Amino acid sequence: PFVFSSATYTEEEDKALALRLGAAAFLIKPLEPDNFLEAIREVLARREEEAQAPPPPTEETEEEYLSAYSRRLIHKLESKIGELEATTHSLGIALQARDQEIAERRQVEETLRRFHLAISQSPDGVIIASPEREIVFANPAMVRISGYPLEELLGQNPRIFKSGRHDGAFYQEIWSALGRRETWRGTFVNRRKDGELWEAEASLTPVLDPSGRLACYVSTQRDVTRERQLQSQLEQAQRIEAIGLLAAGIAHDFNNILMPILAHAELGMERSAPGPELRRDLEVIILSARRAAALTQQVLRTTRGHVLVPQ
């Protein structure tokens, strides 16, 4: 007796052909070892019960068997070729999808790399905080501006920068805007690690994921301390210039008024013989006018290097 065991020939036509060939059992792989042994025992047990072995096939019957086997073999080959073609097609699609996925992943990675380079090289400070308001990222500019090492910033609440220059209502306004999913823009004063204050033009934005849930907060801060100082100095210089211009104008006009007074007083002294009292009055006028003229000249000299003196 023999047993037909196969993982390829598994159809009913295959089983019928195997039994016609004289197989005592038709087993389909994979098969557990215990089940396989049990099938062999059953075959042997049936063999002992049979009185005689089945007669051998005749030559004609053998040809028929071979013909049937050839047909089944051709059918199996055609079936396997079809499966191979389908598998090749599926594999081609899978490889194409994999290549596309790899290309998309590389594109995303390249975008993230450029994004990281842009933020890292930005002159403005950038902070990313979690929904729980813990700092999870700070770029080198923020580290430089704040004076805090990166490891000291990570995990901290942004209140680490509070300067005490703003009241609770100011910060409440900021968080209220963020709570409404709005971007807040404005200026505030922060404190560096060394205690020095710095003024920042800032924007704070809530970032949402595709489902609309809060993913993080992003803050950009530009240190405008030096700009504000220069602006203040410029405004102070402009105020001084305005005052100097006004003073120069007044002095110039006042000097124009004094000149005729002084000239007529001196002419009065020369053209007549005034009495002692009138002479004394003219001398007082001349002396006072000369003192006033000297004062206006001093004002003009002081302002001449800083403002345009009207002529």
Side-chain angles (χ1 to χ4, degrees), residues 105-243 306:
R105 185 184 302 116
R106 287 177 177 173
Q107 184 177 2
V108 171
E109 291 175 352
E110 179 64 17
T111 300
L112 291 175
R113 187 184 69 85
R114 292 177 179 176
F115 175 75
H116 185 269
L117 287 176
I119 291 182
S120 297
Q121 298 179 21
S122 171
D124 297 338
V126 178
I127 288 178
I128 299 178
S130 67
E132 294 75 27
R133 305 180 185 179
E134 292 183 355
I135 297 175
V136 297
F137 174 84
N139 70 338
M142 194 65 206
V143 171
R144 173 180 53 80
I145 295 171
S146 68
Y148 286 94
L150 179 60
E151 57 272 15
E152 294 186 17
L153 288 177
L154 297 180
Q156 293 289 339
N157 189 291
R159 72 169 63 96
I160 192 175
F161 304 123
K162 289 181 66 174
S163 63
R165 291 293 185 90
H166 308 288
D167 56 18
F170 176 82
Y171 295 105
Q172 183 61 40
E173 177 186 352
I174 295 176
W175 289 111
S176 296
L178 297 178
R180 296 190 300 269
R181 302 300 190 258
E182 299 174 356
T183 296
W184 181 91
R185 291 183 176 87
T187 303
F188 48 69
V189 178
N190 283 334
R191 185 181 300 276
R192 293 186 173 90
K193 182 179 180 181
D194 59 7
E196 184 179 354
L197 301 182
W198 61 286
E199 192 168 356
E201 284 185 354
S203 68
L204 288 80
T205 303
V207 179
L208 309 181
D209 64 16
S211 65
R213 293 180 299 180
L214 179 64
C216 63
Y217 299 101
V218 176
S219 172
T220 61
Q221 303 185 24
R222 187 166 68 94
D223 185 0
V224 295
T225 306
R226 180 58 179 168
E227 295 179 18
R228 291 291 188 269
Q229 292 174 348
L230 293 176
Q231 183 179 0
S232 177
Q233 294 175 3
L234 176 60
E235 292 174 352
Q236 180 69 14
Q238 290 174 341
R239 286 194 296 268
I240 294 175
E241 182 178 5
I243 294 173
H306 303 282

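These numbers were taken from a predicted model, which means no experiment stands behind them.
Looking at residues two or more places apart in sequence or on another chain, you find a ring pair (Phe, Tyr, Trp, His ring centres under 6.0 Å) between Y217 and W175. Every residue was checked against the salt bridge (charged side-chain N to carboxylate O under 4.0 Å, His left out) condition with R191, not counting sequence neighbours, and none meets it. Residues satisfying the side-chain contact (heavy atoms from CB on, under 4.5 Å) criterion with T205, sequence neighbours excluded, are T183. For S163, the side chain to side chain donor-acceptor pair (under 3.5 Å) criterion is met by no residue, not counting sequence neighbours. Legend: residues meeting side chain to side chain donor-acceptor pair (under 3.5 Å) with R165, ordered by chain and number and at least two apart, are absent. For R226, the side chain to side chain donor-acceptor pair (under 3.5 Å) test picks out no residue, with sequence neighbours left out. Taking the side chain to side chain donor-acceptor pair (under 3.5 Å) definition, one finds that Q172 meets it with S176, sequence neighbours left out. Residues satisfying the side-chain contact (heavy atoms from CB on, under 4.5 Å) criterion with D124, sequence neighbours excluded, are S122, R222. Take R213 and apply the salt bridge (charged side-chain N to carboxylate O under 4.0 Å, His left out) test, not counting sequence neighbours, and it matches D209.
When only modelled atom types and interatomic distance are considered, S219 and Q221 share a side-chain donor-acceptor pair under 3.5 Å.
Two residues are said to be in side-chain contact when any heavy atoms from C-beta on lie closer than 4.5 Å; S120 and P140 meet this criterion. Counting heavy atoms from C-beta on, the side chains of I127 and V218 never come closer than 4.5 Å. Between F161 and M142, some side-chain heavy-atom pair lies under the 4.5 Å cut-off. Side-chain contact between W198 and V224 is absent, with no heavy atoms from C-beta onward closer than 4.5 Å. Side chains of L214 and L208 form a contact here, defined as non-hydrogen atoms less than 4.5 Å apart.
In this structure, R239 CZ and L234 CG are separated by 9.5 Å, a value rounded to the nearest 0.5 Å. Taking CG of L197 as the reference point, atom CG of N190 lies at 9.0 Å (rounded to 0.5 Å). In this structure, CZ on R144 lies 9.0 Å from CZ on R192, to the nearest 0.5 angstrom. Between atom CG of residue L153 and atom CD1 of residue I160 there is a gap of 6.0 Å, rounded to the nearest 0.5 Å. To the nearest 0.5 Å, atoms CG (N139) and CD1 (I145) are separated by 7.5 Å. Summarising the geometry, atom CG belonging to L112 is positioned 11.0 Å from atom CD belonging to Q107; distances are rounded to the nearest 0.5 Å.
Pairs of residues two or more places apart, or lying in two chains, that qualify as salt bridge (Lys or Arg N to Asp or Glu O under 4.0 Å) and include a residue from residues 166-183 are R180-E182. The ring pair (Phe, Tyr, Trp, His ring centres under 6.0 Å) pairs that include a residue from residues 113-132 number zero, where partners must be two or more places apart or lie in different chains. Applying the salt bridge (Lys or Arg N to Asp or Glu O under 4.0 Å) definition to pairs two or more places apart or across chains, none involves residues 153-162.
Here the closest heavy-atom approach between residue S203 and residue R185 is recorded as CB-CG, 3.9 Å. Shown here for R113 and E110, the closest heavy-atom pair between the two residues is NH2-OE2, 2.7 Å. The minimum heavy-atom distance linking T187 with F170 is given by the pair O-CZ, 3.9 Å. Smallest separation of non-hydrogen atoms from V143 and Y148: CG1-O, 3.2 Å. Looking at every heavy atom in both residues, A141 comes nearest to P123 through CB-O, 3.7 Å.
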Give the intermediate values and the outcome of side chain to side chain contact (heavy atoms under 4.5 Å, CB included) for residues L178 and L204. CA-CA 8 Å; L178 297 178; L204 288 80; 4.0 Å; yes
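At least one donor-acceptor pair closer than 3.5 Å links the side chain of H166 to the backbone N or O of V189. Proximity of a side-chain donor or acceptor of T225 to a complementary backbone N or O of E199 within less than 3.5 Å is detected.
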